[in-house]
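Residue indices begin at 1 and follow the sequence shown. Because the structure is a prediction, the values reported are computed rather than measured.
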Amino acid sequence: MPVKRKRQRIPGWLRGVIWAVVAIAVMSTASYATGVSALTSSNTASTALRLALPILLCALGGLWAERVGVINIGLEGMMILGTWGAAWGAYYGGAWVGLLAAIAFGALGGLLHAVATVTFNVNHIVSGVAINLLGLGVAKYLANLIFEPLSGNPRQSPPVPKFDTYSAAGLSDWLGSLENQQRVGLSDVAGILRGLVTGVAPLTMLAIVLIPVSYWVLWRTRFGLRLRSCGENPVAAESLGVNVYRYKYVGVLISGGFAGMGGASLVLLKGGADYLENQTNGRGYIGLAAMIFGNWRPGGLLGGAALFGYSDGLQLAGGGDAVLALLYGAVILLAIIVIVQLIRKRWLAAALGVVGAGILYAIYWTNDTLPSDLIPYTAHFVTLIVLAVASQRLRPPKADGAQYRRGEGD
């Protein structure tokens with residue numbers, strides 16, 4: 001009897017490359033079909049990279065916390081603390097001091113969350129909501145105390161130093177010439193790449209490096225194996241000599257530090273504002289959604305952050321016309337997904353895809369532009385839609401959010 005061979009799975013990095021190629025092809029097609037060049041312009045790509053950065057860093061923070069078994073709804077509050085810390089540190093010591101202060105303030109929020117959830121076994125959601133409220137209140141109080149005498153406005157800081165930016169000059173000029181030639185496909189790729197290599201800050205480079213570093217630490221080291229075991233089965237980890245409390249504290253502290261870095265990216269990058277009250281605008285929650293969309297994996301959350309950052313950057317760079325053209329691109333993508341589902345004989349998924357494509361195309365066809373009041377919430381709508389579509393394939397850590405007491409497995 002012949003042995004049935006196992007179907008080989010496509011490596012995760014290759015799936016990411018394939019999806020990136022498909023996304024660029026879809027946006028290129030939509031750009032030429034609608035006549036909206038902003039879909040693949042270098043300005044959109046550059047803006048999207050800057051706006052994706054806080055989402056990416058918050059998603060990384062959520063990854064470290066939830067891989068150790070602690071749900072971190074408090075990313076928004078830790079991010080708010082990071083924005084204040086970044087402005088305060090940068091005003092007195094420069095951009096790098098501001099970054100370190102943001103990490104410290106974010107980690108402080110993580111410490112409070114760890115004390116509540118790990119030591120006192122408070123419900124993770126309740127603690128996270130409390131951290132969000134506390135972060136908002138503390139930042140508001142400190143801004144009144146420190147910034148009002150300096151800026152005359154309790155809601156914002158005085159001007160603070162920003163990170164310098166760097167460009168690959170020769171490569172950027174060559175890509176710019178290709179972008180201006182308006183060749184189908186080639187100019188679109190050139191525009192996107194030009195936006196990614198022009199005006200890049202050290203904080204952006206650091207955040208990108210943290211993706212493979214996080215993967216290596218969590219999946220390729222003994223420390224990472226023990227940390228993840230605490231999120232999968234803390235009782236079994238304890239029986240093997242792992243100090244579960246220690247690893248949970250470390251994971252949540254790192255989580256808060258990353259969220260603080262996300263707040264720093266809103267304050268210390270050129271093109272962004274100085275510290276402003278409520279400037280995070282829910283990006284901590286979107287970062288958490290990006291982590292869930294990425295299935296609690298570093299590469300996946302990178303894709304989620306890129307998607308949400310792109311949709312946010314597109315509405316800033318192109319306005320309502322560009323967002324409407326994005327709907328056309330979504331119709332093309334859904335058509336591709338429907339074909340794939342039909343090949344796999346998944347009739348219900350294909351039918352739902354057809355219905356979704358029909359609704360989006362009807363919105364595109366019946367509108368010349370979208371209401372200006374809705375455009376700033378493009379990333380939030382994308383978040384809801386993506387999570388609804390991706391919910392069937394998610395696999396969180398088994399003990400994520402579960403209460404744990406030392407010795408309970410004895």
Side-chain angles (χ1 to χ4, degrees), residues 9-10 12 14-41 44-45 48 182-189 191-192 289-290 292-295 299-300 302-315 317-370 374-375 377-394:
R9 296 184 62 186
I10 300 175
L14 183 56
R15 285 201 302 271
V17 171
I18 292 172
W19 275 110
V21 171
V22 170
I24 292 174
V26 167
M27 289 299 100
S28 175
T29 304
S31 175
Y32 284 95
T34 61
V36 179
S37 60
L39 286 175
T40 56
S41 70
T44 299
Q182 293 298 305
R183 297 183 182 180
V184 178
L186 182 62
S187 294
D188 299 291
V189 174
I192 293 172
I292 296 172
F293 167 78
N295 214 3
L302 174 62
L307 174 62
F308 302 139
Y310 173 78
S311 58
D312 204 8
L314 184 64
Q315 62 91 10
D321 293 340
V323 176
L324 195 62
L326 181 63
L327 292 181
Y328 189 89
V331 172
I332 298 174
L333 181 60
L334 281 174
I336 295 172
I337 293 174
V338 167
I339 294 172
V340 172
Q341 298 301 331
L342 289 174
I343 294 173
R344 294 179 176 179
K345 298 182 179 180
R346 296 178 179 175
W347 312 118
L348 179 59
L352 291 175
V354 170
V355 172
I359 293 173
L360 292 179
Y361 189 76
I363 296 174
Y364 170 78
W365 183 257
T366 56
N367 291 276
D368 294 328
T369 187
L370 293 177
L374 295 178
I375 292 172
Y377 297 97
T378 301
H380 300 77
F381 290 130
V382 170
T383 301
L384 294 174
I385 294 170
V386 166
L387 286 181
V389 172
S391 61
Q392 301 300 317
R393 64 176 183 85
L394 300 178

Problem set entry | Exam field: side chain Thr44 to backbone Ala38, donor-acceptor pair closer than 3.5 Å |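 Indeed, once roles are kept as given, a pair shorter than 3.5 Å links the two residues.
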For this session: Check for a donor-acceptor pair, side chain of Tyr310 on one end and backbone N or O of Leu39 on the other, with a separation under 3.5 Å.
Result: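 Present.
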Inter-residue atom distance [X].[atom1] - [Y].[atom2], 0.5 Å rounding:
X	Y	atom1	atom2	value
Ile359	Leu334	CD1	CG	10.0 Å
Asn367	Asp321	CG	CG	11.0 Å
Thr29	Asp188	OG1	CG	8.5 Å
Met27	Leu333	CE	CG	7.5 Å

Work out which heavy atom in [X] is nearest to a heavy atom in [Y]; give both atom names and the distance.
X	Y	value
Ala290	Ala305	CB-N, 3.8 Å
Leu360	Ala330	CD1-CB, 3.8 Å
Tyr32	Ser187	OH-CB, 4.2 Å
Ile332	Ala30	CD1-N, 4.2 Å
Val36	Ala322	CG1-CA, 3.9 Å
Val331	Ala357	CG2-O, 3.8 Å

Exercise. Does Tyr328 OH have over 12 foreign heavy atoms under 6.0 Å away?
Worked result: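 No - once you tally the heavy atoms of other residues, nucleotides and ligands closer than 6.0 Å, there are 12 at most.
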Exercise. Taking the inter-plane angle between the rings of Tyr361 and Trp365 on a 0 to 90° scale, is it parallel (under 30°), tilted (30 to 60°) or perpendicular (over 60°)?
Worked result: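 Parallel.
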